[in-house]
There are 2 protein chains.
Amino acid sequence: MSEPEKQFADFLRSKGLKFTPERREILRKIFATHEHFDVETLFEKLKKGGERISLATIYRLVPLLIESGMIRQATRCEGHVTYEHVFGHKLHYHLVCVRCGKIIEFRDEGIERLLMQVCDKYDFTVIDHRLGVRGICSACREE
Amino acid sequence: MSEPEKQFADFLRSKGLKFTPERREILRKIFATHEHFDVETLFEKLKKGGERISLATIYRLVPLLIESGMIRQATRCEGHVTYEHVFGHKLHYHLVCVRCGKIIEFRDEGIERLLMQVCDKYDFTVIDHRLGVRGICSACREE
DNA sequence: ATTTACCTGAGAATGATATTCAATTACACC
DNA sequence: GGTGTAATTGAATATCATTCTCAGGTAAAT
Ligand SMILES: [Mn+2]
Ligand SMILES: [Mn+2]
Ligand SMILES: [Zn+2]
Ligand SMILES: [Zn+2]
């Protein structure tokens, strides 16, 4: 059993919930790549892989995946919600090209530090934060 | 005519569009306060004010308000989209309390500077960016 | 074997947003 | 002040993602 599976199974057990075959398959598909994803494409992938797991099951699992720290909502730049891995990934931010959709991920400890100073100043307890930049990537600008 | 009205009227004219009474009322209601808003509450406010402007008209106006630089999408923390003023407001970021919904706005030039450095490094042309922190405000933490 | 709590797929329901359409309006030109 | 034209409107309808309902399943605990 892979690391995320172990962790997630533990999380479910600790809440009296079950690590069912459906849940395992969904989790595997999510961690099979490192890309951001949305529910619909995840569903399509599972279907292509021969699974017959319903959309409802995926939608029901998402809040548990978030609560357990497996995934989180990614920076929103489209009409629907997308997710990204948390487990096994350092905190990072995004540059999103509005023309081609490419996503550049980056870290910046300076920004993180300044941000924590601000939160201290306002006596604000951070749960989570996100930073996204919309713009045009260099490839798209050439044209 | 107030500043935002002038600007927006100019914008519309430059595109061969019209600054109708409905559009004026919507714009006025938006700039009557400094709060973030969503389409539904804006609609309710207009209705309470005696206006009978349809939801569709508001939804149709939003993209024009964004394109003209009057408003932009605010940091998303709920299921539906909210907006905030751009016109007359400096760039700022948000601390959002997930318990009481309070929003603390702040500026940080240090963060802005570091972010622009990152964008330079990736040769990325910024259109827009947003930074939001979810957490618990000090008042809510007391309890 | 019975109980109990949890899970599932299918489809219906919901809710935000977008679109259609027929009627109205604003503006430019006469 | 009329007229033509394109933009605009409200109401109704459609769309799309997400959530819920319901009628069976499952699996462990008693
Ligand atoms: Mn990412
Ligand atoms: Mn704001
Ligand atoms: Zn691009
Ligand atoms: Zn609070």
Side-chain angles (χ1 to χ4, degrees), chain A residues 5 8-30 36-68 71-83, chain B residues 1 5 8-30 36-68 71-74 76-83:
Chain A
E5 283 174 62
F8 189 53
D10 281 353
F11 166 82
L12 289 175
R13 218 170 299 123
S14 78
K15 302 202 65 163
L17 303 177
K18 293 163 190 167
F19 191 49
T20 64
E22 289 83 3
R23 291 175 173 179
R24 177 191 302 116
E25 278 316 311
I26 294 170
L27 188 65
R28 279 192 182 156
K29 213 45 119 195
I30 288 174
H36 293 197
F37 64 95
D38 59 28
V39 169
E40 191 59 33
T41 44
L42 181 55
F43 176 64
E44 292 304 329
K45 263 195 197 170
L46 285 161
K47 208 152 70 175
K48 284 214 186 79
E51 305 293 331
R52 44 180 75 204
I53 292 171
S54 92
L55 259 180
T57 299
I58 302 176
Y59 275 111
R60 279 188 285 238
L61 191 57
V62 163
L64 294 170
L65 290 168
I66 291 175
E67 193 187 340
S68 66
I71 65 172
R72 67 169 189 155
Q73 279 197 205
T75 311
R76 157 198 259 280
C77 278
E78 300 150 83
H80 51 81
V81 179
T82 60
Y83 302 94
Chain B
M1 197 151 68
E5 282 175 62
F8 189 53
D10 281 353
F11 167 82
L12 290 175
R13 219 169 300 123
S14 78
K15 300 200 67 163
L17 303 177
K18 293 162 190 168
F19 191 48
T20 64
E22 289 83 2
R23 291 177 173 176
R24 178 192 302 118
E25 278 316 311
I26 294 170
L27 189 65
R28 280 193 182 156
K29 214 45 121 195
I30 288 173
H36 293 197
F37 64 95
D38 59 28
V39 169
E40 190 60 32
T41 45
L42 181 55
F43 176 64
E44 293 304 331
K45 264 195 199 170
L46 285 161
K47 209 153 66 175
K48 284 212 185 78
E51 306 293 333
R52 43 181 77 207
I53 292 170
S54 92
L55 259 179
T57 300
I58 303 176
Y59 275 112
R60 280 188 284 237
L61 191 57
V62 162
L64 293 169
L65 290 168
I66 292 175
E67 192 187 340
S68 66
I71 66 172
R72 66 168 190 154
Q73 278 198 204
R76 157 197 262 281
C77 276
E78 300 149 84
H80 51 83
V81 179
T82 60
Y83 302 94

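So you know, we letter chains A, B, ... as the sequences are listed, proteins then strands, and number each from 1.
Note: NE2 (B:His80) to P (C:dT14) measures 18 Å, nearest angstrom. Rounded to whole Å, atom P of C:dA16 lies 9 Å from atom CG of B:Asp38. Atom CG of B:Leu55 is separated from atom P of D:dT9 by 14 Å (rounded to the nearest Å). Nucleotide D:dT18 holds its P atom 12 Å from the CG atom of A:Leu42, rounded to whole Å. Separating the CD1 atom of B:Ile53 from the P atom of C:dT25 is a distance of 14 Å, rounded to the nearest angstrom. Distance, A:Leu61 CG to C:dC7 P: 10 Å, rounded to whole Å. If you measure from atom CD1 of A:Ile58 to atom C1' of C:dT8, you get 13 Å, rounded to the nearest angstrom. In this entry the distance linking CZ of B:Phe43 with P of C:dA18 reads 16 Å, nearest Å.
Listed nucleotides C:dA10, C:dT17, D:dT18 differ in distance to B:Val81; the shortest reach to its side chain belongs to C:dT17. When each of D:dA11, C:dT17, C:dA10 is scored by its nearest atom to the side-chain atoms of B:Ala56, the top-ranked nucleotide is D:dA11.
Sorted pairs that involve residues 42-53 of chain B and meet side-chain hydrogen bond (donor to acceptor under 3.5 Å, both in side chains), not counting sequence neighbours, are lacking altogether.
When every heavy atom of A:Asp38 is checked against every heavy atom of A:His80, the shortest pair comes out as OD2-CE1, 2.9 Å. The two atoms that bring B:Leu46 and B:Glu25 nearest to each other are CD2-O, 3.9 Å, heavy atoms only. The two residues A:Glu5 and A:Leu27 have their closest heavy-atom pair at CA-CD2, 3.6 Å. Of all heavy-atom pairs between A:Lys15 and A:Glu67, the closest is NZ-OE2, 2.8 Å.
Counting heavy atoms from C-beta on, the side chains of A:Leu61 and A:Phe8 come closer than 4.5 Å.
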Steps toward side chain to side chain contact (heavy atoms under 4.5 Å, CB included) verdict (A:Tyr83, A:Leu42): CA-CA 11 Å; A:Tyr83 302 94; A:Leu42 181 55; over 6 Å; no

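Note on B:Tyr59: a side-chain N or O is less than 4.0 Å away from OP1 or OP2 of C:dT17.
For residues 13-27 of chain B, proximity to DNA chain D is found at B:Gly16, B:Leu17, B:Lys18, B:Thr20, B:Glu22, B:Arg23, defined as any non-hydrogen atom under 4.0 angstrom from a strand atom.
Residue-level contact check: B:Arg60 touches the bases, meaning some heavy atom is under 4.0 Å from a base atom.
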